[in-house]
Amino acid sequence: MTKALGDVIPVPASVRPAPAVSWTLDSYTSVSAAPGTEKVAEHLLAALRPATGHVLPRSDDGAIRLRLDAALGPEAYRLEVSTGGVELTGGDPAGLFYAVQTLRQLLPAEIEAGTPQDVAWTVPGGVIEDRPRFGYRGVMLDVARHFFTVAEVKAYLDQVVPFKVNHLHLHLTDDQGWRLEIDSWPKLTAISGGAGTGVDGAGPGFYTKDQYADIVAYAAERFVTVVPEIDMPGHVNAAQVAYPELTADGIAPEPRTDLEVGYSSLVAGKEETYAFVADVLREVAALTPGPYLHIGGDEAQATTAEDYRTFIERVLPLVAATGKRPVGWHEMAAVELPPDAVTQYWRIEATDAGTAGAAARGNKVIMSPADRSYLDMKYAADTPLGLDWAGTVSVERAYSWDPADRLPGVGESDLLGVAAPLWSETLRSLADAQVMAFPRLPAVAEIAWSPRAARDWESFRRRLAGLGPRWRHRGVAFHPAPEIDWA
Ligand code: ACM
């Protein structure tokens with residue numbers, strides 16, 4: 001069945017259907033890629049070849065045409081379907097990549113199959129003009145409580161980029177494990193990345209520097225920036241197990257595999273602390289081409305308020321020394337932040353003076369309220385996986401909110417964007433991660449991309465139903481939420 005133009009998630013900014021017009025891809029279809037579009041053309045071919053079974057050779061007058069036009073602006077695109085074919089124009093290569101994602105969703109669901117399907121590959125006619133509402137559209141994966149392999153992280157990336165996500169925040173360290181090799185402090189991973197680490201000891205592993213670089217490169221090819229997080233001054237038990245000199249008394253704590261939070265702290269008054277932090281940040285920054293270094297800062301209940309401020313004030317210049325822009329959970333706003341620092345609001349309260357005060361001083365905010373955007377919250381009381389400390393988060397709850405209304409004092413122009421964290425205390429596999437992310441991640445992704453005026457729950461419900469067959473073809477696990485009339 002031919003889809004309606006605009007039957008896409010995230011819903012595009014402008015859709016002008018031409019109801020009498022359509023175009024059908026067939027074995028004669030070829031592809032024209034203007035200079036600068038070759039890499040995106042490869043993504044297009046990789047998406048279209050398996051299910052169509054067609055070669056889709058390159059030619060000068062292809063029915064599928066890819067080009068760039070900087071006048072459209074960053075990440076923007078135009079997609080025109082006429083009787084002669086499809087023209088995809090990107091404001092830049094990222095925008096063109098998003099045009100490809102939209103075209104994929106406009107083709108029949110069987111396009112997601114891995115083997116040739118006997119289907120008329122018809123696309124509805126008309127013009128889509130689209131651009132993002134926010135520049136930061138993120139997902140976060142907690143690889144500390146449960147480690148996800150490089151292949152699993154790549155698979156998760158493949159499953160989120162269709163929704164025009166452009167940042168992958170990796171929560172690399174926590175009480176239960178340390179997941180990135182640091183040459184100057186090798187016991188971090190030798191001891192706290194190994195067997196028995198993770199919640200219930202069920203998530204061991206760490207990335208070598210080469211493996212982390214592999215994730216960064218794979219993400220970059222999909223226009224995704226990796227944001228590494230080293231969580232401190234709390235959530236550091238794994239570091240202290242490996243290096244007891246990072247504790248107040250120099251005695252190694254026991255490794256922890258339970259769900260408690262708020263019991264560990266780096267020592268604000270010890271010089272070893274800052275030598276450690278400087279080394280770690282320098283090495284992580286050197287591996288990370290993106291502009292951001294996330295320093296955590298959340299749930300530091302084992303740090304006094306005064307020590308917390310001392311610590312953050314000493315660490316922020318260490319981030320600046322790496323040339324990176326600091327990001328922290330919103331508790332970081334307990335100190336006056338440098339102008340380029342970004343806070344990530346995560347709690348469920350309806351007000352937060354720290355985040356609003358920092359926004360008033362010009363610090364941008366990433367909105368990730370746990371009661372809306374945390375993909376690890378249970379959908380409903382009977383959801384087998386997930387937590388419920390922020391309540392249950394149905395698909396409608398994940399969709400029906402707006403980041404510019406979430407906190408008084410934090411409006412549209414204060415927002416860098418929106419992100420959907422996935423904490424992994426209860427997750428044991430990629431399939432577990434998928435079941436929690438899908439279908440709520442598309443809801444948060446639409447909030448991050450689409451104009452507010454274009455969003456509508458009934459429309460979203462209907463468009464979401466069409467993703468079911470696509471996920472089945474791709475072998476992606478998802479929660480068959482009862483709010484949706486699944487196709
Ligand atoms: C958080 O959920 N502790 C950021």
Side-chain angles (χ1 to χ4, degrees), residues 136 138-146 167-179 198-199 203 227-239 256 258-266 292-303 305 308 311-312 315 326-334 337 341-350 352 354-355 358 363-378 385-393 397-398 401 403 406-407 410 416-427 433 436-437 440-441 444:
Y136 191 107
V139 291
M140 187 212 82
L141 203 52
D142 173 5
V143 299
R145 271 59 169 271
H146 180 83
H167 287 79
L168 171 67
H169 165 183
L170 290 174
H171 182 76
L172 290 164
T173 67
D174 214 303
D175 290 314
Q176 299 87 345
W178 186 286
R179 308 303 183 191
V199 169
V227 181
E229 180 188 353
I230 304 297
D231 202 353
M232 51 195 167
H235 293 275
V236 293
N237 195 68
R256 294 281 293 254
D258 57 277
L259 303 186
E260 282 303 302
V261 295
Y263 55 84
S264 63
S265 179
L266 292 175
Y292 303 111
L293 269 192
H294 201 307
I295 56 170
D298 59 320
E299 296 177 313
Q301 286 97 300
T303 317
Y308 184 84
F311 178 85
I312 297 288
V315 168
V327 186
W329 299 107
H330 65 268
E331 291 99 314
M332 181 175 81
L337 298 168
V342 177
T343 63
Q344 183 165 9
Y345 183 73
W346 64 273
R347 285 207 59 90
I348 64 177
E349 283 75 17
D352 184 65
T355 309
N363 295 111
K364 296 288 185 211
V365 180
I366 299 168
M367 206 45 95
S368 300
D371 54 333
R372 302 286 185 168
S373 76
Y374 269 31
L375 302 176
D376 59 307
M377 290 299 119
K378 290 178 180 292
L385 299 172
L387 305 176
D388 61 4
W389 62 262
T392 57
V393 180
R397 218 176 141 67
W401 64 286
R406 191 57 180 73
L407 285 181
V410 180
L416 191 65
V418 178
L422 179 53
W423 302 94
S424 62
E425 290 95 328
T426 66
L427 310 182
M436 300 311 280
R440 290 181 293 193
L441 180 273
V444 181

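Counting starts at 1 for both ligands and their atoms, following the listed order.
Close contacts of ligand 1 with Glu299, meaning ligand atoms under 4.0 Å from a residue heavy atom, involve 3 (N).
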Apply side chain to side chain donor-acceptor pair (under 3.5 Å) to the pair Trp329 and Glu229, showing each step before the final yes or no.
CA-CA 10 Å; Trp329 299 107; Glu229 180 188 353; 2.9 Å; yes

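In terms of modelled atom types and a separation under 3.5 Å, the side chain of Asp175 and the main chain of Val236 share a donor-acceptor contact.
Of the candidates Trp389, Tyr374, Tyr345, the one placing a heavy atom closest to atom 2 (O) of ligand 1 is Tyr374.
Ring pair Tyr374/Trp389 is perpendicular by interplanar angle, where above 60° counts as perpendicular and below 30° as parallel. In this structure, His235 and His171 have perpendicular ring planes: the angle between them is above 60°, well past the 30° mark.
When only interatomic distances are considered, the shortest N/O to N/O separation between Asp298 and ligand 1 falls below 3.5 Å.
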